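Just below is one structure, and these are the notes that go with it.
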Protein chains: 2
Amino acid sequence: MRANIKDVSQAAGVSIKTVSRVINNERYVRPATRARVEEAMAALGFHPSQAARALAGGRSFQIALVCSNPGPYYLHGLIAGLRGRCAAEGVRLIVHAYEVEADELGADVLTFFRQMGFDGAILTPPIVDNAPVLDELDRAGTPYVRISPGVQRDRSASVAIDNEGAARAMTRRLIALGHRRIGFVVGHRSYAVSNQRLAGYLDALREAGIPLDLNLVEQGWFDFGSGRAAAEALLGLPEPPTAIFASSDDMAAGVLSVAHQRRIRVPEQLSIAGFDDTDLAKLVWPPLTTMRQPIRAMAERAAELLFSGTVEQVVLPSELIERASTAPRWG
Amino acid sequence: MRANIKDVSQAAGVSIKTVSRVINNERYVRPATRARVEEAMAALGFHPSQAARALAGGRSFQIALVCSNPGPYYLHGLIAGLRGRCAAEGVRLIVHAYEVEADELGADVLTFFRQMGFDGAILTPPIVDNAPVLDELDRAGTPYVRISPGVQRDRSASVAIDNEGAARAMTRRLIALGHRRIGFVVGHRSYAVSNQRLAGYLDALREAGIPLDLNLVEQGWFDFGSGRAAAEALLGLPEPPTAIFASSDDMAAGVLSVAHQRRIRVPEQLSIAGFDDTDLAKLVWPPLTTMRQPIRAMAERAAELLFSGTVEQVVLPSELIERASTAPRWG
DNA sequence: TTGAAAGCGTTACCAA
DNA sequence: TTGGTAACGCTTTCAA
């Protein structure tokens, strides 16, 4: 049978409470006593039951990462960014990836939160803007950090980049390269960042006095397939764009693949721009131009805010990466 | 205050035990009683405490996914494959990503397992071959499924592909294309699959009567950077290879980037082959040839084995994808 | 600085 | 088909 705290207390000749003090690194334990207890714990191969600690102490030692079914790089960046800090804090990471289409109302996520009192939560779009979910978290007193919130930004701690500004910068860049007909692939409708990026695009056009041609704006869903579909539509126009700015790298890769099939040389005949959290630019050849959202850094910062209890709206810089042939990001 | 099972039992006018029966969908509850209890639960917004269930019931309703710090596509494939089944089983997924270099002995993972009695575990390389960890799991009676085990394959349920056969097929393909000098980038030393893939490469050479040139074999670490380093070495040889087979797609992408820098046309002047779990082939242009490890399907199958309690060694087919220009995998 | 005892919210066992 | 009551293994409160 697994050793429990009582076994340890007997082996060490102290009370249960004292063992508990050692487990939790509390003060008021004489070094000698502490040593004796630790010895006993090691000898018995004792590891405190998290379930019991959670029940008695009201802490779960778990934080939740709630995200939609995101792309590989986004998910990886999140987990990579959270991993270290969680380990350092002795906390487990519960990954809850939900189906965006199937859970518009966040009901699933609500249930998820109500079952285990998490010590904290990290939310990503689009659930990050779901009021009932935020209400529940507030009600339960669970600290949480939102990544890329779209609404009520000052409601909680959050980490984001300036999506609108970044999209504006990218569009300006394309305009500076001489493009006047710039296609745009909008992101998933349920994500606030999609609108923010679209707004940046529109703003840059306005600023440059380029009239908006609605034929150049296609709806996408952040994935490779919808990028391809959008590219088919855009490149099939009587007067196709000379540049296409996709709201995510996955979609940009889709655009690239269509261009390739159509024997369109990139970037000579068609500039393709992506926007994302990925390292795709380093993998794709010839390269896309990418507006880089530092998702891993955002996750790291989110963990920092969560564990320090700081309620603050952090805005991290994004980064415009010209095509990798001129600005490689090797390593 | 959060409603507990006692509140529900009082509201419904039944005993605690009956509420428990309803929660756990046990038999021997009259439909009318069940309905009354469910009503009370809904009215009180009751959700059973997972901590209490875990403590009393000896089940944690959590399974662990233990992996090293894997690449984005690998991690994504794993989680995507496990997600649905976990949700269906009402079980949470705890992601434990550990540092391979820092945890050679699996001590960290051992602690991880001993703290919470998981209902099950999914292990991936290289910890999948760590005997102490497997022993601990056996001792605790925790069901587990190993993905791509390297040793003691019949020790537990597992899912794998035939790595050696796949690498052999890939090498044969390169030989069939007329290559005689085929570089090989070995995977990370701590992973058994690295040796398996190397064995397949060596076997195909032997079979074709091509003498092994050790200068053509470079050590890599599964990542982009080591792929670049290996390519620098191989392409810097007095007599460089005409094809390079990297044991992972990330490394293959690194090789590709070096080829690009050196103005080597791919695949006309240099064939590049990858081996992985990724969809890189669909993203990279010009394409690599890839031996595809269906990691998501492996994860799905692993979940199936885990939850059904089937102890079986499943071998899934891999797939040779010729360069994407001729065999696109769009969508 | 240490200890005794009362929870925490379930499930499991045994009766009824 | 239902209900008591003892675990489960820890934290917390209050004394000492």
Side-chain angles (χ1 to χ4, degrees), chain A residues 1-38 40-41 44-62 90-92 114-119 140-141, chain B residues 1-38 40-41 44-62 90-92 114-119 140-141:
Chain A
M1 226 17 235
R2 249 181 69 164
N4 62 24
I5 196 171
K6 199 172 167 188
D7 301 328
V8 176
S9 73
Q10 287 173 350
V14 298
S15 74
I16 288 184
K17 175 61 200 174
T18 298
V19 179
S20 173
R21 288 200 178 91
V22 172
I23 293 172
N24 294 290
N25 253 304
E26 287 174 32
R27 287 178 316 177
Y28 304 127
V29 180
R30 233 187 317 167
T33 312
R34 183 180 298 272
R36 199 142 36 85
V37 170
E38 279 168 347
M41 296 201 297
L44 274 66
F46 168 79
H47 290 266
S49 152
Q50 294 299 326
R53 297 184 80 189
L55 180 56
R59 297 183 49 189
S60 66
F61 303 93
Q62 302 189 150
V91 155
R92 249 59 136 310
R114 284 202 261 246
Q115 296 205 38
M116 179 79 85
F118 291 105
D119 292 353
Chain B
M1 224 19 233
R2 248 180 72 163
N4 64 21
I5 196 172
K6 200 172 167 188
D7 301 328
V8 175
S9 74
Q10 287 173 348
V14 298
S15 75
I16 288 183
K17 176 60 200 175
T18 298
V19 178
S20 174
R21 288 199 177 91
V22 172
I23 292 172
N24 293 290
N25 254 305
E26 287 173 31
R27 287 178 317 177
Y28 303 129
V29 180
R30 232 188 317 168
T33 311
R34 183 180 299 272
R36 200 142 37 86
V37 170
E38 280 169 346
M41 295 200 300
L44 274 66
F46 168 78
H47 291 265
S49 152
Q50 294 296 329
R53 299 183 79 188
L55 180 56
R59 297 182 51 190
S60 66
F61 302 93
Q62 302 189 152
V91 154
R92 250 56 137 312
R114 284 202 260 247
Q115 296 207 39
M116 178 79 85
F118 291 104
D119 293 353

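Note that this is a predicted model, so its numbers are computed, not measured. Sequence lines set the chain letters: A, B, ... in the order given, protein chains first and strands last, and positions in each chain run from 1.
- Following rounding to the nearest Å, A:Ile5 (CD1) and C:dC8 (P) show an atom-to-atom distance of 18 Å.
- Residue B:Phe61 is out of contact with every strand shown, counting any heavy-atom pair closer than 4.0 Å.
- A:Asp7 contributes a side-chain N or O that, together with a main-chain N or O of A:Asn4, makes up a donor-acceptor pair within less than 3.5 Å.
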Apply side chain to side chain contact (heavy atoms under 4.5 Å, CB included) to residues A:Arg53 and A:Ile23 and explain how you reach the verdict. CA-CA 10 Å; A:Arg53 297 184 80 189; A:Ile23 293 172; 3.9 Å; yes
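- Side-chain contact annotation: A:Gln62 with A:Gln50, donor-acceptor N/O pair under 3.5 Å absent.
- Contacts of residues 29-37 of chain A with DNA chain C (heavy atom under 4.0 Å): A:Val29, A:Arg30, A:Thr33.
- Summarising the geometry, the separation between CG on A:Leu55 and P on D:dG9 is reported as 12 Å, rounded to the nearest angstrom.
- In this structure, the side chains of A:Lys17 and A:Arg21 come closer than 4.5 Å at one or more pairs of heavy atoms.
- A:Val19 comes within 4.0 angstrom of nothing in the nucleic acid, heavy atoms only.
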Nucleotides 12-16 of chain D: which of its N/O atoms have a protein N/O under 3.5 Å away?
none

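- Not a single donor-acceptor pair under 3.5 Å links the side chain of A:Ser60 to the backbone N or O of A:Ala54.
- In this view, B:Arg114 and A:His47, B:Glu136 satisfy the side chain to side chain donor-acceptor pair (under 3.5 Å) rule, not counting sequence neighbours.
- Taking side-chain N and O atoms only, B:Thr18 has a distance below 4.0 Å to OP1 or OP2 of D:dG3.
- Looking only at distances, no side-chain donor or acceptor of A:Ser9 sits under 3.5 Å from a matching main-chain atom of A:Val19.
- For the OP1/OP2 pair of C:dT10 and a distance below 4.0 Å, the side-chain nitrogens and oxygens of B:Ser49 include no atom meeting the criterion.
- A:Asp119 places no side-chain N or O within donor-acceptor distance of the main-chain N or O of A:Arg59, the cut-off being under 3.5 Å.
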